[in-house]
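By convention in this document, chain letters (A, B, ...) are assigned in the order of the sequence lines, proteins followed by strands, and residues within each chain are numbered from 1. Basis for what follows: all heavy atoms, side chains included, without hydrogens, waters or symmetry-related copies.
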Amino acid sequence: MAKRNLVQALNLALRQEMERDDRVIVLGEDVGRDGGVFRVTEGLIERFGEERVVDTPLAESAIVGASIGMAVAGLRPVCEIQFDGFTYYAMHQIESHAARLRWRSQGRHEVPLVVRAPYGGGVRALEHHSESREALWAHLPGLKTVIPSGPRNARALLVSAIRDPDPVMFFEPKALYRAFREEVPEAEETLPLGRSRVAREGTDLTLVAYGAMLRPTLEAAEELKRSRGAEAEVIDLLTISPLDDTLLVASARKTGRVAVVHEAPRSFGPGAEIVARLVEKAFYHLEAPVARVTGYDVIIPLFSRERYYLPDVPRIVQAAQRLLEAP
Amino acid sequence: MAKRNLVQALNLALRQEMERDDRVIVLGEDVGRDGGVFRVTEGLIERFGEERVVDTPLAESAIVGASIGMAVAGLRPVCEIQFDGFTYYAMHQIESHAARLRWRSQGRHEVPLVVRAPYGGGVRALEHHSESREALWAHLPGLKTVIPSGPRNARALLVSAIRDPDPVMFFEPKALYRAFREEVPEAEETLPLGRSRVAREGTDLTLVAYGAMLRPTLEAAEELKRSRGAEAEVIDLLTISPLDDTLLVASARKTGRVAVVHEAPRSFGPGAEIVARLVEKAFYHLEAPVARVTGYDVIIPLFSRERYYLPDVPRIVQAAQRLLEAP
Amino acid sequence: MPRANIELPEAIAYLSILDEQGRLDRELEPRIDEGLLLRLYRTMLLARRFDERLLSLQRQGRIGTFPPSSGQEAAHLGAVAVLEPDDWMVPAFRELAAELWRGRTLESVLLYNAGFNEGARIPPERNDLPISIPVGSQILHAVGIAWALRYRKTDRVAMVFFGDGATSQGDFHEGLNFAGVFSLPVVFVCQNNQWAISHPRSRQTRSRTLAQKALAYGIRGIQVDGNDLLAVYAAAGEAVARARAGEGATLIECVTYRLSVHTTADDPRRYRTDEEVEAWRRRDPLTRFQNYLAERGILSEEKIRGSEEEVGREIQQAVERAEEEMKRLADPLALFDHLWAEMPASLREQREEFIAAMSAPPREDRHG
Amino acid sequence: MPRANIELPEAIAYLSILDEQGRLDRELEPRIDEGLLLRLYRTMLLARRFDERLLSLQRQGRIGTFPPSSGQEAAHLGAVAVLEPDDWMVPAFRELAAELWRGRTLESVLLYNAGFNEGARIPPERNDLPISIPVGSQILHAVGIAWALRYRKTDRVAMVFFGDGATSQGDFHEGLNFAGVFSLPVVFVCQNNQWAISHPRSRQTRSRTLAQKALAYGIRGIQVDGNDLLAVYAAAGEAVARARAGEGATLIECVTYRLSVHTTADDPRRYRTDEEVEAWRRRDPLTRFQNYLAERGILSEEKIRGSEEEVGREIQQAVERAEEEMKRLADPLALFDHLWAEMPASLREQREEFIAAMSAPPREDRHG
Ligand SMILES: Cc1ncc(C[n+]2csc(CCOP(=O)(O)OP(=O)(O)O)c2C)c(N)n1
Ligand SMILES: Cc1ncc(C[n+]2csc(CCOP(=O)(O)OP(=O)(O)O)c2C)c(N)n1
Ligand SMILES: [Mg+2]
Ligand SMILES: [Mg+2]
């Protein structure tokens with residue numbers, strides 16, 4: 001097995017799916033000759049040619065809208081939006097068509113489309129390049145929103161997303177692109193969409209995270225173990241929506257104390273749904289209010305102050321401590 | 001005092017604000033000669049002329065984007081998007097500019113913009129004409145999301161929205177446009193943005209609603225009184241975001257039993273945030289899981305089945321009964 | 001030559017073949033065989049009478065809001081008439097005659113307009129997309145479909161419809177630009193019916209024609225008399241042939257008129273004069289085509305009467321069948337269908353909740 | 001005349017005044033007084049040297065990613081040079097010389113590029129907008145600003161900048177269309193620098209020029225040699241005069257070149273050749289303008305040296321001042337500022353929570 005970073009793992013998924021299925025085509029701004037601004041599509045144009053790896057004009061609505069057409073006509077487009085901050089340009093296409101065409105045609109047409117976009121902070125980027133707005137997409141019926149947390153699951157989830165008959169928003173934690181490597185086998189791996197995983201087992205409290213927040217959350221769990229001998233269970237959502245709450249609920253019933261961690265602003269953010277699900281399904285097991293350790297309800301600042309905005313190990317540990325100390 | 005329906009009340013607000021302040025201009029598709037597809041802007045072009053009541057070409061991003069420019073340059077544009085289902089076309093303008101220009105210019109520029117759009121079901125409309133997607137906007141920092149529930153508060157809130165120095169998404173419950181009349185005084189009335197109100201006092205449980213759902217919620221409260229002598233407190237949010245949770249929390253602490261009602265799909269919907277706030281601030285007072293009576297996580301169906309999608313009195317009553325019966 | 005005019009590679013043409021006075025340009029007259037002419041006539045008539053019937057059903061409250069298409073039949077029917085069945089048609093929402101031509105049934109239209117999602121069902125043998133309401137958005141789908149067709153090395157094409165209002169949308173621009181850059185087999189048909197609800201064509205854009213917008217994308221543009229089925233047919237035929245031959249996209253502006261309301265929720269007297277409507281009524285594409293056929297000797301008074309009767313019966317039967325069908329479609333659980341290939345767990349739970357709530361005691365207002 | 005070409009009301013011109021060989025068209029040469037010429041030269045030089053310094057600061061890790069503007073100075077500076085201070089400039093993100101001309105300080109640029117929001121502060125006496133990164137979106141703001149200026153019956157104008165890539169965005173289309181329909185006093189300046197990151201102009205659109213896109217909107221369009229400050233100045237002067245006189249909008253395509261990287265995160269060797277860059281280096285607008293001034297006898301070798309030294313000092317001082325300033329701007333609570341006229345209660349609570357968390361015990365990684 002080869003060690004790969006997130007970029008390489010995603011590249012592997014794209015390459016192998018393109019080899020396996022000539023309906024898969026990749027399109028977007030700078031995805032061809034440039035290999036993508038983060039190099040996720042590097043080498044694909046050399047291997048698959050300009051017909052399958054398409055550098056498009058600068059127009060996000062067209063990239064997504066045309067991809068919808070391709071998907072309806074039998075292809076499996078994987079389109080890249082350069083940053084999640086530019087996905088809004090295509091929101092009408094996604095809300096009104098990608099997520100609805102199956103429904104609008106009573107099952108006659110389907111839209112096996114993947115929209116990839118890097119999301120989140122932590123790379124000292126320009127304005128509009130560090131947002132975390134997955135909640136917007138998570139609320140839309142008919143759409144899947146997937147966020148991997150490391151190279152291996154990213155590769156497996158991207159393969160599943162490409163094969164999925166329904167549209168998937170696939171947000172890649174850009175802070176992790178080159179942050180670390182994992183064994184990612186050459187041999188095919190998939191992971192079912194719509195399933196969370198237990199990233200760390202524990203009995204004293206539950207920490208829920210996803211994407212780039214998983215690592216500080218796991219570190220916080222270790223810190224809690226060191227500092228107070230508390231064993232945190234960590235749930236990695238992987239799919240934000242449709243949210244599978246089975247593991248969450250089971251864990252909350254076991255520990256009674258839960259914190260959810262995300263970069264997105266707190267209000268009306270993904271954490272709210274998790275709190276609501278736990279209230280609906282594990283209320284009588286909760287021993288303390290579910291805590292939200294999140295971005296604040298502000299625009300993520302330019303990079304010199306970015307670290308104050310992003311949840312980090314100390315903030316997670318503080319919240320966990322309060323949870324553990326709750327009566 | 002004159003009795004007015006919601007359309008007339010909104011029209012009054014627009015007319016009076018335009019009289020009071022020549023910086024207020026109204027623009028959108030069919031807002032002029034046609035008086036708006038719901039007639040909210042009726043008579044304004046005759047009174048204020050084509051310079052101040054502008055029929056625009058068919059382009060939502062331009063309507064909002066140009067309005068942002070106008071607002072920055074000192075006007076107070078009130079733009080109409082014909083249906084909330086077409087607001088997505090302008091999301092990049094709203095997320096990236098309307099809600100940020102004050103911040104991006106360090107306070108130098110402000111965007112006193114109102115984006116009006118009818119939202120919600122109940123009028124036997126075409127596809128894309130009955131959605132309730134306020135959660136998308138509520139999540140965006142820098143933006144206010146306001147939803148009135150009747151003629152009188154609609155008028156007062158619209159006046160406040162127009163005078164507000166920050167951008168406001170103003171969603172009008174189209175089901176209420178001509179549903180009933182209220183006394184709406186000719187004399188100026190405003191209501192502060194960012195404040196909820198107690199629409200009905202009660203001690204046994206709390207029902208939270210807004211917009212078109214307020215009426216069935218109030219009816220459900222009466223029904224609960226009749227059928228079981230239970231007194232429901234009903235909170236009308238009025239402003240969805242930034243969410244003021246003072247009244248909510250106070251009421252939940254008093255009653256311990258809360259249900260939230262909205263048309264929007266449940267998952268990642270506005271109700272989730274309300275549950276989360278209550279968990280954060282009234283956890284130890286909750287005697288039962290907060291219930292969500294909402295639209296389902298589907299596309300609202302074409303009108304023949306619409307009533308099955310929308311929360312109604314029986315569903316609210318059922319949820320309330322379960323709350324009251326919780327141990 | 002420091003200040004010089006830039007040569008544009010292509011001019012924008014205007015095409016009319018059979019004018020309002022019935023004058024025919026024999027050189028340009030497309031060769032259409034009689035059988036096809038009569039089928040076109042039949043469809044045009046059916047669409048017109050059905051449109052009228054829909055309006056009366058709506059006024060009686062038997063169906064909901066819908067957008068009538070009377071007056072525009074030549075513009076959209078003339079265009080799709082050149083397509084093969086396995087080409088793709090991407091409609092907006094005002095192409096009734098074209099949809100019927102492509103095999104959509106009257107019942108399906110009725111069901112849809114009566115608020116049943118089932119009315120959007122598309123038979124497996126047809127490729128077309130369902131109607132699209134968000135103005136301009138469907139243009140991009142046609143671009144993507146054309147792309148897929150080219151990618152698969154077929155010579156099939158996509159044809160997409162939209163109105164004059166849609167040309168102001170960003171998606172129009174982005175779509176035509178992509179079609180130009182990638183040289184895609186797509187035909188853009190703009191039904192310029194002079195109005196976008198209450199907004200007149202003259203205020204939709206300041207360019208003299210909509211056709212000339214093609215110059216911004218390096219694609220072919222042509223303006224045609226959209227009430228002249230022959231002209232539309234000829235222009236569309238040329239465009240489709242070019243597309244099949246790999247010569248890229250064309251924008252066709254059909255100059256036509258919406259004789260009726262925008263939708264049944266609209267009151268056009270607020271924004272246009274009776275004189276204007278009358279003037280356009282004299283250019284009615286149905287009458288014009290009928291006269292042409294009579295002139296060619298393939299349509300008689302008698303044949304017309306016969307067709308009218310046939311069409312009337314067909315509509316009547318369809319209305320009856322559709323109303324029967326609606327009773328069978330009452331199942332509320334359809335609410336949860338067709339959104340996903342596989343229903344997610346959370347939605348299955350909501351569906352269970354729905355079933356439980358439905359079967360709970362008194363819910364009078366629901367079973368009404 | 002059933003098939004005829006449609007007359008377009010206006011042709012698209014190409015303008016060049018001082019060409020790469022230094023040949024000057026005296027008839028077209030704009031009258032610019034010496035003082036202004038020298039100020040323009042000074043700004044161009046300052047921008048060029050500052051851009052180079054920014055690049056080296058970035059390579060040293062002292063500032064973050066930024067988009068260099070070397071090679072495009074004539075295109076944007078020549079355009080804003082015709083504005084009055086109380087006109088509005090709406091930048092994209094590659095108009096350094098223009099921003100400096102309009103009064104933005106070097107410190108402000110440095111702060112911004114070092115990741116301090118404070119770098120976006122705009123002094124109260126200036127109207128301009130801060131840079132806009134979402135490509136094309138700012139075009140609409142200029143349209144709205146122009147609208148407000150006209151509404152207030154001033155003769156002020158708005159000038160907006162964007163790249164060749166931006167012309168593919170829907171917002172470009174919608175903005176130019178609105179400007180046409182409402183005849184607004186706005187000047188659209190496209191810096192066609194041949195590339196949108198790795199995407200070449202030839203694949204951005206199939207139209208021969210970007211200027212001809214004006215034909216789609218019934219507004220004036222002109223293509224100019226964007227490395228020729230005189231040509232840009234002349235074209236912008238004409239456009240602004242028309243706008244002030246109520247004659248509407250103009251699209252100016254400045255044909256220029258980005259000599260450096262797209263941003264400091266970009267590696268242009270992946271997509272373009274050294275020869276191409278070299279060819280454009282020979283058309284460097286700074287050299288060309290310098291030669292022109294020398295030719296006119298208002299710039300000597302010595303004066304150039306003097307300016308270089310002055311500019312060098314100014315930059316050095318700015319860097320030092322900015323680095324001082326950054327230390328003073330460390331307050332993390334600025335996170336919560338400037339989003340609202342009045343901070344909402346929920347955000348006040350979060351701010352309190354933030355303060356509490358900051359002052360909690362060991363948070364080493366934060367005070368690093
Ligand atoms: C994006 C969007 N905005 C607004 C509407 C509401 N609307 C429906 S049709 C219409 C006018 C369309 O005009 P045009 O494109 O000329 O087509 P026509 O109705 O004349 O056939 C409008 C504004 C819509 N459906 N979609
Ligand atoms: C809407 C949007 N999509 C993508 C990007 C990422 N991006 C930044 S600049 C750029 C290319 C812009 O090209 P052009 O308009 O020619 O301007 P230039 O960079 O050449 O000055 C891209 C794709 C962005 N900033 N905004
Ligand atoms: Mg129209
Ligand atoms: Mg460029």
Heavy-atom side-chain contact between A:Y177 and A:E172 under 4.5 Å: yes
Which region of A:E29, side chain (C-beta onward) or backbone (N, CA, C, O), has a non-hydrogen atom less than 4.5 Å from a non-hydrogen atom of chain D, or is it both or neither? neither
Side chain from CB out, backbone as N, CA, C, O: work out which of these in D:N113 comes under 4.5 Å of a heavy atom of chain A, or both, or neither. backbone
Let me know if A:Q321 has heavy atoms under 4.5 Å from chain D in its side chain, its backbone, both or neither. neither
Can you tell me which portion of D:E118 sits under 4.5 Å from chain A's heavy atoms? Options are side chain, backbone, both or neither. side chain
Contacting moiety of D:T205, where chain A heavy atoms sit under 4.5 Å: neither
Given heavy-atom pairs under 4.5 angstrom as the criterion, report whether the side chain, backbone, both or neither of D:L335 touches chain A. both
In terms of the angle between their ring planes, are D:Y217 and D:H173 parallel, tilted or perpendicular, with boundaries placed at 30° and 60°? perpendicular
Before accepting this row, confirm whether a basic side-chain N of the pair D:K213/D:E253 lies closer than 4.0 Å to the acidic partner's carboxylate O. no
Using heavy-atom distances under 4.5 Å, tell me whether D:I63 contacts chain A through its side chain, its backbone, both, or neither. backbone
Given heavy-atom pairs under 4.5 angstrom as the criterion, report whether the side chain, backbone, both or neither of A:R39 touches chain D. side chain
Can you tell if the side chain of A:L14 reaches within under 4.5 Å of the side chain of A:V78, non-hydrogen atoms only? yes
What residue in A:D30, A:T56, A:I300 has the most heavy-atom pairs under 4.5 Å with chain D? A:D30
Is D:R104 positioned over the aromatic face of D:Y112, cation under 6.0 angstrom from the ring centre and no more than 45 degrees off axis? yes
Out of A:Y88, A:F171, A:Y89, A:F38, which one pairs with A:F83 under the ring pair (Phe, Tyr, Trp, His ring centres under 6.0 Å) rule? A:F38
With a 4.5 angstrom heavy-atom cut-off, which part of D:L347 approaches chain A: side chain, backbone, both or neither? side chain
Residue A:V37 versus chain D: region with a heavy atom under 4.5 Å: side chain
Test item: side-chain donor near acceptor, D:Q204 and D:D164, under 3.5 Å: no
